[in-house]
Amino acid sequence: MTGFRRRGYCPSLESPMETGDGLLLRLTPPIGGWRPGAVAVIAGAAERYGNAVIEMTSRGNLQLRGFRSTSIPPFVRLLEEAGVTEGRRVVVVGPLAGIDPLAVADPRPLASAIAGDLPRLAPKVSVVVDGGGALHLDGLEADIRLRAADAKTWHLFAGPAHLGLVSEEAASHAALALLRRLSARGGFARIRDLVAEDGAAALRASLGGVAEAPEPPARPAAEPIGLHRLRRRVALGLGAPFGRLEAPVLAELARAAPMDCHIRPMPGRALLVLGLTGTQADALRVASVELGLVTRPDDPRRRIAACPGAPDCASAAGVTREMAETLAAQPDLLPDDMLHLAGCPKGCAHPAPASITLVCQDGKFALVRGGTARSAPERILPADDIPSALERKA
Ligand code: SF4
C-alpha cells in the first residue's frame with residue numbers, strides 16, 4: 001500500500017481513497033470474471049474488514065467501502081491466499097470479449113499488445129478496445145478508443161475525435177504512440193489536451209497508417225440487465241439496487257450460482273454471470289429476485305443512485321436508503337435518466353450532474369435540479385414533502 005489518495009485518482013488495493021465512510025478501494029475483475037468461490041471470499045472479506053458496502057462502478061469494477069488503514073493488509077492477504085486475482089485497469093475490453101457471437105472482432109489480442117507495452121500514465125488514462133456486440137463499450141469514456149470495423153480493422157478515436165481506420169497491427173502502434181506522447185507530458189495529461197492543441201488532422205498525420213474514413217454511426221445503448229446468448233451458453237446480467245450491494249447478498253448470489261460459472265462486475269453498474277445453461281440462468285434469476293437484485297431492465301431502482309448515507313458513512317447528514325426505497329415505489333416521480341440521493345455534498349454515488357439531486361441537510365433534503373450535490377439547491381424540504389414536490393414538477 002503506497003498511501004491514501006483523495007479524488008482525482010483511481011483507488012486500488014495499493015492506493016485506497018479516503019472517503020466519508022473510511023477508505024475505499026476498487027477491484028478490477030479479470031476479463032473472464034471470478035469463480036463464485038472467489039466472489040464469496042471477496043464478499044466475506046468486505047464484511048470482515050470493510051463496512052460490507054459493495055458498489056458496482058460505471059466502468060465495471062467492484063468498489064469496497066469502509067476500510068481502515070489497519071484492515072487493508074489482512075484483507076489483501078486473505079485475497080492472495082484465496083488466489084483472487086485482478087484484471088487490467090488501463091486497457092479495457094468488453095465483458096463478453098471473445099465469446100459474443102454478435103461481436104465484430106475479438107479485442108483480446110489487440111488489448112494484450114497495447115497493455116504489454118504501456119508507458120507510465122496519469123491515473124485515469126484509459127484505452128478501450130471494443131470488439132462490438134451486445135455489450136459494446138460506447139458508453140464508456142476513454143482517452144483512446146479502438147472500435148472494431150471488421151475482424152482486422154479498427155476505428156481509432158482520440159477522446160471524442162475520430163482519427164480514422166487502422167489495421168490491427170497499426171492500431172497497437174498508433175495507440176502506444178499516443179500514450180507515449182501523453183506520458184512525456186507527465187502529471188495529469190489527458191488525450192483531450194493533445195487533441196485541443198494539435199487538432200485531430202495533425203494527430204492523424206503524425207501517427208502514420210491511419211486512413212481517413214467516415215466516423216462509424218452511433219449504436220443503441222448496450223443493455224447489461226437480462227439474458228445474453230453466447231456461442232455455447234448464456235450470460236445473465238443483474239443489477240444492484242441503487243448500484244449498491246450488501247456483502248452478504250453478494251455472498252448469497254455466489255452460493256446460488258453454479259460452481260463452474262464466472263461472475264464479474266461490468267460497465268453499467270451491473271454484474272454478469274457467465275457460462276450458464278438456460279435452466280441454470282432461469283434458476284439464478286429466480287434466486288436473484290429473492291435476493292432483491294435487479295433482474296429487469298425497466299426496474300425503477302436503476303434510475304436512482306444513492307450513497308450509503310447514515311449510519312454507514314460518518315460524513316452523512318441523514319439517511320438516504322429510506323428515501324430511495326420510497327421513490328423507487330413511485331416510479332412516475334422519477335426522471336427518465338437519474339435521481340441522485342446524497343448523504344452530503346460530496347455526492348459520491350453520482351459525481352456528474354443529475355436531473356434531480358436530493359442532498360441530506362439538517363434532517364431535510366436540499367433539492368437540486370440539473371446539477372450535482374454541490375450545486376445551489378432550489379429548495380430545502382422535509383422528507384415527507386419530497387414526493388409531492390417531484391409530483392408537481394412532473
Ligand atoms: S456522499 Fe454519501 S458516501 Fe459520500 S461522503 Fe457523503 S454521505 Fe458519505
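Keep in mind that what you see is a predicted model, and the values were worked out from it rather than measured. For ligands, and for the atoms within them, numbers begin at 1 and follow the listed sequence.
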Backbone or side-chain N/O/S of C307 under 2.8 Å of atom 6 (Fe) of ligand 1: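 No N, O or S atom of C307 is closer than 2.8 Å to atom 6 (Fe) of ligand 1, so no.
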More than 12 heavy atoms from other groups under 6.0 Å of CZ on R231: yes
Over 12 foreign heavy atoms within 6.0 Å of CD, E322: no
NZ/NE/NH1/NH2 to OD/OE distance under 4.0 Å, E55 and R244: no
Side chain D100, main chain A134, donor-acceptor under 3.5 Å: yes
Quiz: residues 31-42 side-chain donor-acceptor pairs under 3.5 angstrom, not counting sequence neighbours:
from, atom 1, to, atom 2, distance (Å)
W34, NE1, T85, O, 2.7
R35, NH1, D260, O, 2.5
R35, NH1, C261, O, 3.4

Contact check, P308 vs ligand 1, heavy-atom distance below 4.0 Å: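 Flag set, P308 near ligand 1.
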Residue C348, metal atom 4 (Fe) of ligand 1, N/O/S under 2.8 Å: yes
Residue [X] vicinity, atoms of ligand 1 by number, heavy atom under 4.0 Å:
X: A316; value: 7 (S)
X: G343; value: 2 (Fe), 7 (S)
X: R65; value: 3 (S)
X: K346; value: 5 (S)

Heavy-atom proximity to atom 8 (Fe) of ligand 1, best of G22, A310, C313: C313
Side-chain donor-acceptor distances from residues 278-291 under 3.5 Å, at least two apart:
from, atom 1, to, atom 2, distance (Å)
Q280, OE1, T277, N, 2.9
Q280, OE1, T277, OG1, 3.4
S288, OG, L284, O, 2.7

